[in-house]
Amino acid sequence: MLLMSTLSVTNIFVTASRPYHHANLRKTLLAAAVALIGEVGPQAFTLREVARRAGVSHNAPYRHFPSKDELLLAVAAEGFERLTALMEKTLSAGRSPLERLELCGCGYVDFALRWPNHLLVMFELPIACRQRAQKELAIGNNAFAILLNCVTAAQQNGDLPAGDPLPLAWTAWAMVHGIAKLAISGSLPLDAQSTIDFTRNSARAIFGGRSGKNLSKC
């Protein structure tokens with residue numbers, strides 16, 4: 001009877017612990033890594049410290065991430081997925097191509113305000129890490145493709161000058177990324193909503209007067 005009771009307790013413990021070790025460990029490690037990155041940056045954190053903060057053994061992270069770089073890549077991928085989803089959701093409220101372009105940029109900055117530590121990792125990966133990040137780069141390209149599509153649609157509608165859309169998309173990206181970096185570093189004396197409003201007004205200032213219909217010919 002005692003043996004059966006002991007086995008039953010053991011089985012309950014193992015069954016209860018399995019979801020943590022197999023299903024939730026990766027999520028727990030990602031959350032711990034993101035929090036640590038916010039304190040020490042993407043270069044200085046260690047897997048051992050991530051494990052300590054996650055409350056697991058120092059070997060546990062290696063079940064999902066063979067190295068520190070692999071964990072960084074996972075954080076970056078998670079960030080790009082969230083960025084893409086938020087940009088798509090935000091621009092969907094636009095009633096015209098140009099308005100959707102403005103809102104696309106607002107979604108970018110909104111993402112940075114919500115998940116600043118992800119943004120740091122996404123654009124500050126070590127060079128060696130980026131060189132083998134094919135999957136993560138593809139996910140990042142999805143976000144840029146949304147922006148590029150907004151620019152192309154605005155061109156087709158006559159809201160932006162015709163031609164190669166890439167320079168216009170790079171301009172938009174540089175603008176919103178700059179605002180995002182200034183905002184998360186505390187360099188902009190604005191609250192979250194004011195930062196979003198500033199982003200939209202900046203987009204209007206840059207692109208609002210660039211209609212192909214309004215440009216004089218040289």
Side-chain angles (χ1 to χ4, degrees), residues 27-47 49-50 53-54 65 68-94 100-130 133 136-148 150-151 168-207:
K27 182 177 179 181
T28 301
L29 292 170
L30 281 171
V34 170
L36 181 59
I37 287 166
E39 297 176 21
V40 303
Q43 308 300 328
F45 88 101
T46 63
L47 281 178
E49 179 60 16
V50 169
R53 294 191 177 208
F65 309 107
K68 166 185 169 179
D69 285 351
E70 293 299 323
L71 179 52
L72 279 174
L73 288 173
V75 172
E78 182 178 69
F80 278 119
E81 288 171 349
R82 292 180 180 181
L83 172 61
T84 299
L86 191 54
M87 287 169 65
E88 288 181 326
K89 178 181 178 180
T90 305
L91 72 86
S92 65
R100 285 190 284 274
L101 175 58
E102 295 170 3
L103 291 174
C104 181
C106 292
Y108 189 104
V109 174
D110 190 16
F111 162 80
L113 295 173
R114 294 181 189 221
W115 298 291
N117 297 340
H118 281 82
L119 187 76
L120 291 177
V121 176
M122 289 156 61
F123 294 99
E124 294 183 20
L125 286 171
I127 294 177
C129 198
R130 280 185 305 218
E136 291 73 19
L137 288 175
I139 296 174
N141 288 337
N142 291 338
F144 184 74
I146 292 173
L147 173 60
L148 186 61
C150 286
V151 169
L168 293 171
W170 292 331
T171 299
W173 181 19
M175 181 199 75
V176 295
H177 189 72
I179 293 174
K181 291 286 284 185
L182 288 171
I184 66 175
S185 68
S187 300
L188 280 180
L190 302 171
D191 60 24
Q193 186 55 55
S194 296
T195 300
I196 299 298
D197 294 340
F198 174 70
T199 301
R200 190 163 189 181
N201 290 333
S202 298
R204 286 174 178 170
I206 293 176
F207 295 112

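In this chain, residues are counted from 1 in sequence order. Values reported hereafter were calculated over all heavy atoms of this structure, with side chains retained and with hydrogens, waters and symmetry mates removed.
Contact annotation: the side chain of Phe111 approaches that of His118 to within less than 4.5 Å [non-hydrogen atoms, C-beta and beyond]. Contact check for Phe207 versus Val151: no side-chain heavy atoms found under the 4.5 Å cut-off. The closest side-chain heavy-atom distance from Thr195 to Phe198 is not below 4.5 Å. Residues Leu120 and Lys181 meet the side-chain proximity criterion, which asks for heavy atoms closer than 4.5 Å. Under the 4.5 Å side-chain criterion, counting only non-hydrogen atoms from C-beta, Phe45 is in contact with Val50. Side-chain contact between Val34 and Val121 is absent, with no heavy-atom pair separated by less than 4.5 Å.
Under the 30°/60° scheme for interplanar angles, the aromatic rings of His177 and Tyr108 are found to stand perpendicular.
To the nearest 0.5 Å, atoms CG (Leu182) and CG (Leu188) are separated by 5.0 Å. The structure places CG of Leu190 at 9.5 Å from CD1 of Ile179, a figure rounded to the nearest 0.5 Å. Note that OG1 of Thr46 and CG of Leu36 are 7.0 Å apart. Values are rounded to the nearest 0.5 Å. Taking CZ from Phe123 and CZ from Phe80, the interatomic distance works out to 4.5 Å, rounded to the nearest 0.5 Å. Here OG1 of Thr84 is found 11.0 Å from CG of Leu147. Values are rounded to the nearest 0.5 Å. A distance of 11.5 Å separates CG in Asn141 from CD1 in Ile146, rounded to the nearest 0.5 Å.
Distance alone, capped at 3.5 Å, is enough to place a donor-acceptor pair between the Arg100 side chain and the Gly94 backbone. Side-chain atoms of Gln43 come within 3.5 Å of backbone N or O of Glu124 as a donor-acceptor pair. Asp110 contributes no side-chain N or O that, together with a main-chain N or O of Cys106, makes up a donor-acceptor pair within less than 3.5 Å.
Across every non-hydrogen atom of Met87 and Cys104, the tightest pair is CE-SG, 3.2 Å. Of all the heavy atoms in Ala76 and Met122, the pair that sits closest is O-CG, 3.7 Å. Contact detail for Ala183 and Leu113: the closest heavy-atom pair is CB-CD2, 3.8 Å. Summarising the geometry of Ile184 relative to Leu119, their closest heavy-atom pair is CD1-CD2, 3.7 Å, with the distance given to 0.1 Å. Closest heavy-atom contact between Thr199 and Met175: O-CE, 4.0 Å. Among all heavy-atom pairs drawn from Gly107 and Leu86, the shortest one is O-CD2, 3.7 Å.
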Leu30 and Leu71: side chain to side chain contact (heavy atoms under 4.5 Å, CB included), yes or no, with the steps? CA-CA 7 Å; Leu30 281 171; Leu71 179 52; 3.9 Å; yes
